[in-house]
Amino acid sequence: MVLYFTAMGNSLYVAKRLDEKPISIPQIINGGSPEFKASAIGVVFPIYCAEPPKSVKEFLKKAAFQTDYLYFVMTYGKHDCDCPEWTARFCEKSERKPDYIATVKMVDNYLPAFDMNEQTAIDKNVDGQLSAIIKAVSERQKGVPIATKNGVKLHKLVALMNRIMPGFNNGKRLKMLNDKCTGCGICTKVCPVGNIKIENDGKAKRKERVCEFCLACIQLCPRKAIGIKPDKNKNARYKNPNITLEEIIEANWEKPKA
């Protein structure tokens, strides 16, 4: 069993390599049972600001895992900081100690710092990394990477910047460019926390809720009708080429209740 959180499809690609039918964490949060039972349970998610996404942290606090082998796989672009060790300590507070944690270096989709054209041109040997992880999981290997001093420093720096500049990594930096918006609704469906809605005028508008700052709405808007500053290349956007837009929507859209 594999549970996952994804924005542009990187973590979903990893989850599908580990399990043919992985389970969406946002969909569980939206009404499913937080209790899981299997011989092995994996949790796959991206690293945001040196930690798991806020939704994943809330999920881990509430989820009940009945398993002999609990493992996490984290995706990242530039640096995984101390996230594996930090997450292990976070889980231990709720008596959910992971047996194994691994990270996968993939395209970094953080638009303020990276040009998506440059990122996609880099060969990060994703499948080679995944093959090693799949082997480790199949053999029920154990271990959590020990954080480096540099990784701990980077985490502290990010935390300091977030305290000093509360809008540094949240939705306040996103700008709805209504002159470009056609009201297609894709942004509303790829948002993992249901932060965007289409108004009566047919334009997209952000709601007053907590933003994951995953950037899925910006990356996946076909009209580039959502902006951010700075933007290393406003003409270049990213989605994992092995994952369809429909799969990302299925993972994140808060469907209307019957």
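As the structure is a computational prediction, the values presented were derived from the model and not from experiment.
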Test: [X] and [Y] ion pair at under 4.0 Å:
X: Lys16; Y: Glu247; result: yes
X: Lys61; Y: Glu58; result: yes
X: Asp231; Y: Arg237; result: yes

Check your understanding: How are the rings of Tyr71 and Tyr100 set to each other: parallel, tilted or perpendicular (split at 30° and 60°)?
Key -> tilted

Hey, does [Y] have a side-chain heavy atom less than 4.5 Å from the side chain of [X]?
X: Glu85; Y: Ile146; value: yes
X: Leu220; Y: Tyr238; value: no
X: Met74; Y: Ile101; value: yes
X: Lys105; Y: Gln129; value: yes
X: Arg17; Y: Ser131; value: yes
X: Asn117; Y: Asn233; value: yes
X: Leu12; Y: Asn240; value: no
X: Phe72; Y: Val44; value: no

Starting at [atom1] of [X], measure out to [atom2] of [Y] and round the result to the nearest 0.5 Å.
X: Cys81; Y: Ile47; atom1: SG; atom2: CD1; result: 7.0 Å
X: Asn242; Y: Asp127; atom1: CG; atom2: CG; result: 7.5 Å
X: Ile218; Y: Lys234; atom1: CD1; atom2: NZ; result: 13.5 Å
X: Lys224; Y: Cys181; atom1: NZ; atom2: SG; result: 14.5 Å

Review point. Taking it one step at a time, do Ile28 and Phe36 satisfy side-chain contact (heavy atoms from CB on, under 4.5 Å)?
Key: CA-CA 11 Å; Ile28 293 296; Phe36 307 94; 4.0 Å; yes

Review point. Are side-chain N/O atoms of Ser55 and Glu212 paired as donor and acceptor at under 3.5 Å?
Key: yes

**Study point:** Modelled atom types, side-chain donor and acceptor of Gln141 and Lys135, under 3.5 Å
**Key:** no

Exercise for review: Determine, stepwise, if the pair Cys83 / Tyr76 fulfils side-chain contact (heavy atoms from CB on, under 4.5 Å).
Suggested key: CA-CA 10 Å; Cys83 192; Tyr76 72 101; over 6 Å; no

Exercise for review: For Lys124 and Gly77, indicate whether the former's side chain and the latter's backbone hold a donor-acceptor pair under 3.5 Å.
Suggested key: yes

Check your understanding: Looking only at atom types and distance, does a side-chain atom of Gln219 sit under 3.5 Å from a main-chain N or O of Tyr110, one as donor and one as acceptor?
Key -> no

Review point. Would you find more than 12 non-hydrogen atoms of other residues, nucleotides or ligands less than 6.0 Å from Lys232 atom NZ?
Key: no

Point to revise | Lys205 atom NZ, neighbour heavy-atom count above 12 within 6.0 Å | key: no

Practice item. Mind running side-chain contact (heavy atoms from CB on, under 4.5 Å) on Val73 and Val2 for me, showing each step along the way? Key: CA-CA 10 Å; Val73 180; Val2 172; over 6 Å; no

